[in-house]
2 protein chains.
Amino acid sequence: MTSPAIRSDAARNRGRLLDAAAGLIAERGSDIDVREISRRAGVGMGTLYRHFPTKEALLDAALEHVFTSWAEQAAAARTGEAWRDLSTFLGDALSRQTASPGLLDAYCQALPGQAGNTARRHCRQQVAPLITELVQAARQAGELRSDVTDEDVSLLLVALGRIATVVPETAWRRVLHVALDGLRATAATPM
Amino acid sequence: MTSPAIRSDAARNRGRLLDAAAGLIAERGSDIDVREISRRAGVGMGTLYRHFPTKEALLDAALEHVFTSWAEQAAAARTGEAWRDLSTFLGDALSRQTASPGLLDAYCQALPGQAGNTARRHCRQQVAPLITELVQAARQAGELRSDVTDEDVSLLLVALGRIATVVPETAWRRVLHVALDGLRATAATPM
DNA sequence: ACTGAAGCGGAGCAGATGCTCCGGTAGGGT
DNA sequence: ACCCTACCGGAGCATCTGCTCCGCTTCAGT
């Protein structure tokens, strides 16, 4: 019959490769040597390229896991208090970025208008709807200024992500605080 | 006599190398091939390495020019209206970044706490005093919130620099607007 | 057990990139 | 006009990195 029945070692190695790639992305961003990925996964290079047509494909697959769990945890953290939810979402996202520098890099590569890479775009779509919801809720609660879009918030997040990898947490939290104050309805100055 | 008297062709070639490097940094950031620099300068690789011990040294020298002229033009644009000066400084800096993606990258590499590279740090010091002045003036005028430091503003600039290279000007100007609103004394929420 | 096809490992290829070396060239003081 | 020396150019070296190739291994259906 047509029962391809994936071999057990193949499945195991595929998982190891994804874990290794995700770990390395977390530690050092998306600029990694394929040899290092395969070494960390405990497999050979041939195995890597049997499972993924290209290095980029592997990184995309690994990132998708990362983004999915980010979206899940962020959704679970919602309390219903709109403003609080929005600001903790941003703070948590930046914390996450501090711990794994590749995260918002990947998100940035998926911004509309960026060249190509549909897989990265798919990563972004794991989180984008959540941002839209948080923004809408905060706006309807009258706490977020009404002329701010979800894309503005996305961009703000990506921007802050750059400094989150570079300066200590106390420093970027100050800037986040300022940015949040700028997002408040009470601070609005005509665009 | 002790008249080293730099040869004319040497001086000319050194200038060409600096121009070529600055141009390429502007167009594509700091990740450039030495072969391309020397080709654009119309000289050979040997010439490049006669004048600069390393690629980094050449880039540092080229960036110093760029930063100097940035600082000069920004200082010349001051009007005395504190808030206006601060916000146009930020807008102009981001415009500059849009035109030459390597700019704030270099500035970012010179942030305190970053690893090494004294030359890059020297680049930052071309602009840092100006930021300090602008921040002090705006604060004394009572328009900038009092709990914000010049380093906060630097970080904000670097952060916004990331998106300035990636989305159209209308998009990053919106985010800048929000950030500026957050900097206003009237928007301040306790840190 | 048996067997054959899917899977595995890592040497090696091709191209990119920072830098060096050295035979030849040309500036500029005499 | 001459010559010495600083200077020039670019072939070539060493290294890195994404990817392929192919002989050997191991799973899983019988």
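All chains are named by letter (A, B, ...) in the order of the sequence lines, taking the proteins before the strands, and each is independently numbered beginning at 1. Predicted model only: the values in this text are computed from it and were never measured.
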Below 4.0 angstrom from OP1 or OP2 of dC8(D), is there any side-chain N or O of His51(B)? yes
Mark yes or no for whether Asp85(A), through its side chain, and Arg78(A), through its backbone, hold a donor-acceptor pair below 3.5 Å. no
Can you check whether Tyr49(A) has a side-chain N or O nearer than 4.0 Å to OP1 or OP2 of dT20(D)? no
Hey, what are the protein-to-nucleotides 1-5 of chain D N/O distances that come in under 3.5 Å?
none

Is there a donor-acceptor pair under 3.5 Å between the side chain of Arg145(A) and the backbone N or O of Thr189(A)? yes
Is Arg35(A) side chain donor-acceptor paired with the dG12(C) base, going by distance under 3.5 Å alone? yes
Whole-Å distance separating the CG atom of Leu17(A) from the P atom of dC19(D): 14 Å
Applying a 4.0 Å non-hydrogen cut-off, can you work out what Leu58(B) is touching in the nucleic acid: base, sugar-phosphate, or nothing? nothing
Euclidean distance, atom NZ of residue Lys55(B) to atom C1' of dT20(C) [Å, nearest integer]: 17 Å
With a 4.0 Å cutoff (strictly under), does any side-chain N or O of Thr54(A) reach OP1 or OP2 of dC19(D)? yes
dC8(D) phosphate, OP1 or OP2: any side-chain N/O from Asn13(B) under 4.0 angstrom? yes
Rounded interatomic separation in angstrom, taking CZ from Arg50(B) and C1' from dT20(C): 12 Å
With nearest nucleotides of DNA chain C determined for Ala10(A) and Asp33(B) from heavy-atom distances, which residue corresponds to the more 5′ nucleotide? Ala10(A)
Is Glu27(A) paired with Arg40(A) through a side-chain N to carboxylate O contact shorter than 4.0 Å? yes
List the steps and the verdict of salt bridge (charged side-chain N to carboxylate O under 4.0 Å, His left out) for Asp147(A) and Arg139(A). CA-CA 9 Å; Asp147(A) 55 357; Arg139(A) 191 158 44 200; over 6 Å; no
Nearest-Å distance for atom pair CZ/P, residues Arg14(A) and dC8(C): 12 Å
What's the verdict on salt bridge (charged side-chain N to carboxylate O under 4.0 Å, His left out) for Glu36(B) and Arg28(B), showing C-alpha distance, side-chain angles and the deciding distance? CA-CA 12 Å; Glu36(B) 193 166 1; Arg28(B) 300 210 293 278; 2.7 Å; yes
Which residue lies toward the 5' end of DNA chain D, Asp31(A) or Gly46(A), if each is placed at its nearest nucleotide? Asp31(A)
In whole angstrom, what separates Met45(A)'s CE from dC16(D)'s C1'? 12 Å
One thing to verify: whether Arg16(B) and Asp19(B) come together as a salt bridge, which I'm taking to mean a side-chain N less than 4.0 angstrom from a carboxylate O. no
Base, sugar-phosphate, or nothing: which does Ser38(A) touch, judged by heavy atoms less than 4.0 Å apart? nothing
Please indicate whether Asp31(A) has more than 12 foreign heavy atoms, meaning atoms of other residues, nucleotides or ligands, lying under 6.0 Å from its CG. no
Would Asp152(B) and Thr149(B) satisfy side-chain hydrogen bond (donor to acceptor under 3.5 Å, both in side chains), going step by step from the backbone distance to the final call? CA-CA 5 Å; Asp152(B) 294 333; Thr149(B) 68; 3.2 Å; yes
Spacing between Asp9(A) atom CG and dA5(C) atom P, to the nearest angstrom: 17 Å
In whole Å, I'd like the distance from the CZ atom of Arg12(A) to the P atom of dC8(C). 8 Å
Would you indicate, yes or no, if dG27(C) has its OP1 or OP2 atom less than 4.0 angstrom from a side-chain nitrogen or oxygen of Ser8(B)? no
Rounding to a whole Å, what distance do you find between Leu59(B):CG and dC19(C):P? 10 Å
